[in-house]
Amino acid sequence: MAAFVDRVVLYVAAGNGGHGVSSVHREKFKPLGGPDGGNGGDGGDVVLEVDPNVHTLLDFHHHPHQKAGNGKPGEGSNRHGGKGEDRVLKVPAGTVVSTPDGRVVADLVGAGTRVVLAKGGRGGLGNAALANARRKAPGFALLGEPGETFDAVIELKSIADVGLVGFPSAGKSSLIAAMSSARPKIADYPFTTLVPNLGVIRSGDTVYTMADVPGLIPGASTGKGLGVQFLRHVERCAVLVHVVDMATMEPGRDPESDIEALEHELAEYGGDELDLVGRLRIAVLNKIDVPDARELVDLVRATLEARGLAVYPVSAATGEGFKEFGFALAAAVEEHRASLPPMEPARVTVTPKAVDDSGFTVERDTEFDTGGFLVHGVRPERWVRQTDFNNDEAVGFLADRLNRLGVEEALAKAGAVRGDAVTIGGVTFDWEPQLPAGTLTAEESAGLGGRGTDRRIDAPHRVRAEERLAAKKARRMPYELSEPGWTEDDLPEDAR
C-alpha cells in the first residue's frame, strides 16, 4: 500500500536567465558589420498544477528539491538563446502553499488550477539590442538574472462535502466503507486509520464526497495524538458528522462526554474564524447492532437533539439506518451548496501607477558609521544584477540608466556626498556622481557643478601637429645659430 504524505517542505529554484552576448558581424567586404549579439533566453518557472489523479504529496517527500531549466545564452549573428524548460509539479486538489513562517502563498482548489511558485530569471540583452543612435556599437551585453528560490511548505487539506469525526475506533472507517467504494483499513484497535480516506456517495440525485478523518482524542488541538495533522482535513468540509461509539466499554466515556470533548477540540483548533462547531450538525449513533448499545439510543437522543444535532442510529455492520442517514447528508450538502454565492466571471484588475511613484526609494544605511545609503527598487536592483562589473562600458551604461531614473538626484537630496557608500541589490559602490540633476541646492550639497560640465574637457588635450612642428623647430634653433654652414646631417639625432 502506498504511503500517504500530506505535508512536505519543498525547495524550489527557478531557472536562471541566459546571458546576452557581445558580438560584431564579420563578413568579407563588410568592414563595418555592426553589432549582432543575441539575447539570452528566460529561465524556466516552477509551476504547481492541480491534477485530479494525484491524491498525495508522496513524490515530493522523496524528491524535495525541484529546479527548472536555465535559459540558453545568446550567440552571434543575432541568434537568441532558448527559454528554459518549466518545471510543472502535479499536486492534489486542496493543496495549500505557505512560507516557513506561516504566510499563505496559494490555495489550490479545482482541477487545472495553476500558480507560478518561483519565477524564472530574465535573459540578458545582447549588444545588438543595446545599440542606438548614440551607442552604435556597444562593447558589452547584459547578464541574465538569477531565478527565484523559494522554500515552500506544501500541505494537503482534503476537500470533501462531509467529514466524519469522532474518537478512535468509533466506526468511521466502517461507515465510509459501507456507504461508498472506499476500502480503508479496518481493525479493532485505536488509531487504525492514520490517513484520511475519501469516498463518493450518491443519495437520490445528490452526489457528494465523504472524508474519514483519523480519530481525535482530548488535547488533539494542541497536537496530542497527531491531532493537528488530522484536524487540517476537516477545515474544508461543509458538514461535520460526529460518529458516536454506542458500544464502548472504556471507563469514563459516554456519548455526551464524547460530544463535549469533540466540540472543545474543534473550537480550540478552528476558533471563530473557521467555526467548525457550527458545522457539526449530525450525530450518528453507531454500532446499534450490539444489544446494550440499542438500549442507550433513546436515553441519548433527547440530550443530543437539545444540542441542535440531528440524531441517526445506524449499524455499519448490518447497514441499518443508512438510507435515512444518507438522505439527511444529501439535504445538508444541498443546503450548503445553495448558500454559496454564484461564481463570478474572472475580471482583470488594473492598478494604475501612482503619480509620485518613482519606482525606487532611498534610505540611510545604518551599517555604515560614516553614512551610507540603500536604494531599493525593482528596476535598479534588476539593472545591477544584469551588469558585468568587469566591463567598464557596462558599468557606465548602468550609471547612465540610474541617472535617467533619478537615483543620483534622489541621493543628492537625501544628503549624499561624493565617496559615500551606496548599496543597490547587494552591491556597494562609492558614489561618484557625474551628471547631477535637480535643484541647485541639492547640487551644492553634493559638491558638484551644474549640468553640462564634463571633467574630460578640463583634461590635457592631445598635442596637435602644428604644435609638434613648432617644438621641433625650437629644438633645432640653437644648432642653426651657433655654427654657420651646418647642414641637417650635422645635427644631433634628436634634433633632426
Side-chain angles (χ1 to χ4, degrees), residues 1 158 160-217 230 234 237-251 253-259 261-262 280-307 309-334:
M1 181 177 178
S158 301
D161 298 308
V162 178
L164 301 180
V165 295
F167 274 68
S169 299
K172 301 181 296 297
S173 299
S174 301
L175 278 178
I176 196 172
M179 299 181 68
S180 69
S181 298
R183 292 295 175 263
K185 182 180 180 180
I186 300 173
D188 59 352
Y189 55 84
F191 293 109
T192 306
T193 302
L194 296 178
V195 299
N197 301 288
L198 291 177
V200 180
I201 302 173
R202 176 184 293 273
S203 296
D205 296 332
T206 304
V207 178
Y208 54 92
T209 56
M210 178 183 290
D212 164 26
V213 180
L216 302 176
I217 60 176
F230 298 160
V234 304
C237 296
V239 179
L240 296 181
V241 177
H242 187 183
V243 181
V244 181
D245 185 0
M246 299 297 293
T248 181
M249 302 299 294
E250 295 184 21
R253 280 191 51 194
D254 58 78
E256 291 187 28
S257 61
D258 287 358
I259 287 284
L262 182 66
L280 193 64
R281 302 166 58 181
I282 298 176
V284 173
L285 308 183
N286 194 18
K287 303 181 183 180
I288 62 172
D289 53 290
V290 178
D292 293 340
R294 188 180 294 273
E295 296 177 359
L296 294 175
V297 170
D298 294 335
L299 298 177
V300 176
R301 182 190 297 270
T303 304
L304 298 182
E305 289 179 348
R307 290 177 171 269
L309 299 173
V311 180
Y312 293 92
V314 300
S315 172
T318 64
E320 180 182 353
F322 276 5
K323 184 176 182 180
E324 296 80 1
F325 175 53
F327 279 106
L329 290 179
V333 170
E334 288 292 345

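Both backbone and side-chain heavy atoms feed into the values below; hydrogens, waters and symmetry mates do not. Position 1 is the first residue of the sequence, and the numbers go up from there.
When all heavy atoms of T206 and A330 are compared, the closest pair comes out as CB-CB, 3.8 Å. Heavy atoms only, all atoms of each residue included: N286 and S315 are closest at OD1-CA, 4.0 Å. Heavy-atom minimum distance, G326 versus Y208: O-OH, 3.2 Å. Closest approach of G321 to V314, counting heavy atoms only: O-CG1, 3.6 Å. Pairing each heavy atom of Y312 with each of A328, the nearest pair is OH-CB, 3.1 Å.
The shortest side-chain heavy-atom distance between L329 and V241 falls under the 4.5 Å cut-off. Looking only at side-chain heavy atoms (C-beta outward), L304 and L285 come within less than 4.5 Å of each other.
Annotation: the span from L309 atom CG to R301 atom CZ amounts to 12.5 Å, rounded to 0.5 Å.
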